[in-house]
Amino acid sequence: EAQVTQNPRYLITVTGKKLTVTCSQNMNHEYMSWYRQDPGLGLRQIYYSMNVEVTDKGDVPEGYKVSRKEKRNFPLILESPSPNQTSLYFCASSPSGRIAGDTQYFGPGTRLTVL
Amino acid sequence: AQSVSQHNHHVILSEAASLELGCNYSYGGTVNLFWYVQYPGQHLQLLLKYFSGDPLVKGIKGFEAEFIKSKFSFNLRKPSVQWSDTAEYFCAGRAPGRRALTFGSGTRLQVQP
């Protein structure tokens, strides 16, 4: 089944404790992206990747890192989480970020709470 | 700034009522526009999209949207809603030359049986 998976689905952590949220897609998509969803703000893009070893900042990159060593995986890293990073995080992928009308497929979401 | 705005934050309807959710964008030129739905506890799913051609776009589950360039709008419609349409709906756009999607703040739809 074609899908985007994220792990963990739920995470409660404390300020400053490094964490990684994994994202994997099995559709051979080139483009992958991370969003955070906050009430009243919709989804905002954190980072995106056009292909392996090609990543770039989105609208709200501060406090986050990403890597794209393999085409299928795009982990989101919080080196020193803070309470303002408490949010619902979505990973998404699409065949190519360059084609008009390209559709993004979303993962199930990771609800992160930073105490 | 490039943006997508949804003015209805919370809509409550009875079953069989007609639905129209507003979406406005601020881009010029050729745009890609999308409507996504998020059912309770689930991830976002694509309802429909517009990138060229017929401005009236039909999507899944009986939804449709009309791209009106002169009004910078892409409103979502459904003639008769069902209880199962209870969800949050997001409009999104991709401006010319940009790769990222910009999402509206979402509209929470509650359909009462």
Side-chain angles (χ1 to χ4, degrees), chain A residues 1-7 9-10 23-25 27 29-51 54-61 66 87-111, chain B residues 1-10 21 23-25 27 29-55 57 59-60 65 67 74 87-108:
Chain A
E1 180 189 354
Q3 60 183 348
V4 179
T5 57
Q6 296 178 227
N7 281 292
R9 296 288 313 280
Y10 302 91
C23 172
S24 183
Q25 51 91 6
M27 296 170 279
H29 284 171
E30 291 184 353
Y31 181 89
M32 298 185 75
S33 179
W34 276 102
Y35 295 88
R36 59 179 288 174
Q37 182 182 9
D38 301 291
L41 297 176
L43 278 79
R44 294 177 293 168
Q45 190 179 49
I46 302 170
Y47 268 94
Y48 65 92
S49 170
M50 294 295 290
N51 214 324
V54 181
T55 63
D56 210 345
K57 296 177 181 178
D59 296 322
V60 288
V66 293
S87 188
L88 179 58
Y89 291 87
F90 287 100
C91 181
S93 73
S94 65
S96 165
R98 293 183 295 275
I99 298 173
D102 208 27
T103 298
Q104 290 193 19
Y105 298 86
F106 285 81
T110 295
R111 187 167 293 281
Chain B
Q2 298 160 337
S3 70
V4 173
S5 57
Q6 295 178 243
H7 302 295
N8 314 107
H9 299 296
H10 191 192
L21 301 181
C23 173
N24 289 94
Y25 64 94
Y27 316 129
T30 304
V31 297
N32 302 156
L33 296 163
F34 306 79
W35 275 99
Y36 283 86
V37 61
Q38 185 178 28
Y39 298 104
Q42 296 189 26
H43 60 282
L44 279 79
Q45 302 172 41
L46 182 69
L47 273 179
L48 48 81
K49 64 182 180 182
Y50 170 82
F51 54 94
S52 67
D54 190 342
V57 181
I60 61 172
F67 171 62
F74 189 58
E88 190 154 17
Y89 293 80
F90 292 94
C91 183
R94 182 188 289 126
R98 286 206 65 186
R99 300 180 183 90
L101 285 181
T102 300
F103 283 81
S105 55
T107 298
R108 188 172 297 278

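In the text below, chain A, chain B and the rest are named by the order of the sequence lines, each starting its count at 1.
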Quiz item: By a 4.5 Å heavy-atom criterion (distance strictly below it), what part of A/Leu43 contacts chain B: side chain, backbone, both, or neither?
Solution: both
Exercise. Tell me, for A/Asp38 versus chain B, whether the close heavy atoms (under 4.5 Å) come from the side chain, the backbone, both or neither.
Key: neither
Quiz prompt | Contact origin within A/Gln104 toward chain B - heavy atom pairs under 4.5 Å | solution = both
Self-check item: Toward chain A, the part of B/Leu33 with a non-hydrogen atom under 4.5 Å
Solution: neither
Exercise. Under 4.5 Å heavy-atom distance to chain A, tell me which part of B/Leu46 shows up: side chain, backbone, both or neither.
Key: side chain
Self-check item: Partner chain B: residue of A/Gly58, A/Gly42, A/Gly107 with the largest heavy-atom pair count (under 4.5 Å)
Solution: A/Gly42
Quiz item: What orientation do B/Tyr36 and A/Phe106 show, parallel under 30°, tilted 30 to 60°, or perpendicular over 60°?
Solution: perpendicular
Quiz item: Would the number of heavy atoms belonging to other residues, nucleotides or ligands and lying under 6.0 Å from CZ of A/Arg44 be above 12?
Solution: yes
Quiz item: At a heavy-atom separation under 4.5 Å, does B/Gln6 approach chain A through its side chain, its backbone, both, or neither?
Solution: neither
Quiz item: Given B/Phe103 and B/Leu44, is the side chain to side chain contact (heavy atoms under 4.5 Å, CB included) satisfied, shown in steps?
Solution: CA-CA 12 Å; B/Phe103 283 81; B/Leu44 279 79; 3.8 Å; yes
Quiz item: Taking it one step at a time, do A/Tyr105 and A/Gln25 satisfy side chain to side chain contact (heavy atoms under 4.5 Å, CB included)?
Solution: CA-CA 9 Å; A/Tyr105 298 86; A/Gln25 51 91 6; over 6 Å; no
Quiz item: After noting the C-alpha distance and the side-chain angles of B/Trp35 and B/Leu21, does the key distance pass the side chain to side chain contact (heavy atoms under 4.5 Å, CB included) rule?
Solution: CA-CA 10 Å; B/Trp35 275 99; B/Leu21 301 181; 4.0 Å; yes
Exercise. List for me each residue that meets salt bridge (Lys or Arg N to Asp or Glu O under 4.0 Å) alongside A/Arg111, sequence neighbours excluded, and say none if there are none.
Key: none
Exercise. Against chain A, label B/Glu88 side chain, backbone, both or neither, depending on which of its atoms sit under 4.5 Å from a heavy atom there.
Key: side chain
